[in-house]
Amino acid sequence: MCGRYAYFYKLNQVLQLIAGGWTTEEAFDAIFNVAPTMRAPVILLGKNGEPGLTKLTWGLVPSWTEDTSIGAKMFNARSETIREKPAYKEPFEKRRCVVPISGFYEWETLRELKRKKPWYVSPSDESIMLLAGVWERWGTGEDRLDTYTVVTTQARGRMAEIHERSPVMLRGTDWSTWLTGTQEEAIGLCEPREPDWLSFRPVSTRVGNVKYNDPSLLERVENEPGEQLGLF
DNA sequence: CCAGACGTTGTT
DNA sequence: GTCTGG
DNA sequence: CCAGACGTTGTT
DNA sequence: GTCTGG
């Protein structure tokens, strides 16, 4: 699944992908530790029907809720049930979006060591990783809050060795189909696939703490102190 | 009809 | 807002 | 997702 | 153990 990721593209790299697209910002800061409730770049269709890049808050807040803090736990939506769940049904029908990321973090549970091991997962060819998402608008005027969530599916291949769930990754021109296709076409893109285009790299447990946000989080760490022998 | 939920993951 | 459960 | 808090009254 | 905050 996907509860933490990194984004460090230049604006032009993403704009080239959605050739001719609009943007609400002159630049998007690199974030090496995006967590739920934070704001990050998202591609969605504007009023003119053209895709563009803007900043939304991670963690979908349904339009009808009173308490927006519910968003903190709505950062993933299961593709298997996204068409039925009240909070996600309409966003899936009318407001699908694409989340451009550099790579995501995944925590592998090491049961015998009673600890979790974070991995950084990213495309081997350094292409832009595009995740399937849906977004929602809460409130009006000053109080307006636009939020998004990342769609998940069953993990396959190498991915499944680390975690049972995986974000839905859009390959090639699938991102365009996700944004403008029919519901049937969109749900079809959520079928589990073996991600043989991905690289996996163990990283420091520092990534667990959102106060850390720098490129060193991406560095390979073969063994955390004490991991090998389960010391301490 | 009204009341109450509306989410996922992981672990047991 | 919309669906489910009673 | 993980990390960190988890409480109230009264006084400044 | 469970909730909140980032």
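Below, read A as the first sequence line, B as the second, and so on, with proteins coming before strands; counting in each chain starts at 1.
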> Are the aromatic rings of A:Tyr105 and A:Tyr5 close, with centres under 6.0 Å apart?
Replying inline: no
> With both distances under 3.5 angstrom, what nucleotide forms a Watson-Crick or G-U wobble pair with E:dC3?
Replying inline: D:dG4
> Roughly how many Å is it from CZ in A:Arg115 to P in D:dC2, rounded to a whole number?
Replying inline: 14 Å
> Within this structure, what is the CE-to-P distance between A:Met38 and D:dC2, rounded to whole angstrom?
Replying inline: 14 Å
>> Does A:Lys211 reach a base, just sugar-phosphate, or nothing at all? Heavy atoms under 4.0 Å.
In response: nothing
>> From CD of A:Glu66 over to C1' of C:dG1, roughly how many Å is that when rounded to an integer?
In response: 13 Å
>> In whole Å, I'd like the distance from the CD atom of A:Glu90 to the P atom of C:dC3.
In response: 10 Å
>> A:Glu50 vs A:Trp22, test: side-chain hydrogen bond (donor to acceptor under 3.5 Å, both in side chains). Steps then yes/no.
In response: CA-CA 8 Å; A:Glu50 292 296 316; A:Trp22 48 270; over 6 Å; no
> Can you tell me if CD on A:Glu164 sees more than 12 non-hydrogen neighbours from other groups inside 6.0 Å?
Replying inline: no
> Does OP1 or OP2 of D:dA3 have a side-chain N or O of A:Arg4 closer than 4.0 Å?
Replying inline: no
>> Rounded to whole Å, please give me the gap between CZ in A:Phe92 and P in C:dC3.
In response: 16 Å
> What does A:Ser69 touch in the nucleic acid at a heavy-atom separation under 4.0 angstrom: a base, only the sugar-phosphate, or nothing?
Replying inline: nothing
>> Rounding to an integer number of angstrom, what distance separates B:dG4 and D:dG7 when you compare their C1' atoms?
In response: 30 Å
Sub-3.5 Å pairs of nitrogen or oxygen atoms, protein against nucleotides 5-8 of chain B:
| from | atom 1 | to | atom 2 | distance (Å) |
| --- | --- | --- | --- | --- |
| B:dG7 | OP1 | A:Pro86 | N | 3.4 |
| B:dG7 | OP1 | A:Ala87 | N | 3.4 |
| B:dT8 | OP1 | A:Arg78 | N | 2.7 |

>> On a heavy-atom basis, which atom in A:Ser102 and which in A:Pro123 lie closest, and how many Å separate them?
In response: O-CD, 3.7 Å
> If the P atom of E:dG6 is compared with that of B:dA5, how far apart are they to the nearest Å?
Replying inline: 27 Å
> Less than 6.0 Å separating the ring centroids of A:Phe92 and A:Trp135?
Replying inline: no
>> Over all strands shown, is A:Thr37 touching base, sugar-phosphate only, or nothing at heavy-atom distances under 4.0 angstrom?
In response: base
> Does the pair A:Ser124 and A:Ser199 meet the rule for a side-chain hydrogen bond (donor to acceptor under 3.5 Å, both in side chains), with working shown?
Replying inline: CA-CA 5 Å; A:Ser124 306; A:Ser199 289; 2.9 Å; yes
> Atom OH of A:Tyr212 and atom C1' of D:dG4: how far apart are they, to the nearest Å?
Replying inline: 14 Å
>> Using whole Å, what does the distance between atom C1' of nucleotide E:dG5 and atom CG of A:Asp67 come to?
In response: 13 Å
> Using the P atom in both, what is the distance from D:dT8 to B:dC2, to the nearest Å?
Replying inline: 37 Å
> With a 4.0 Å cut-off on heavy atoms, is A:Pro62 in touch with a base, just the backbone sugar-phosphate, or nothing at all?
Replying inline: nothing
> Any ion pair linking A:Lys89 and A:Glu84 (charged N to carboxylate O, less than 4.0 Å)?
Replying inline: no
> With respect to the phosphate group of D:dG4, does any side-chain polar atom (N or O) of A:Asn209 fall under 4.0 Å of OP1 or OP2?
Replying inline: yes
>> Distance check needed: E:dG6 P versus A:Arg206 CZ, whole Å only.
In response: 20 Å
> For the residue pair A:Tyr9 and A:Tyr7, is the inter-centroid distance of their aromatic rings smaller than 6.0 Å?
Replying inline: yes
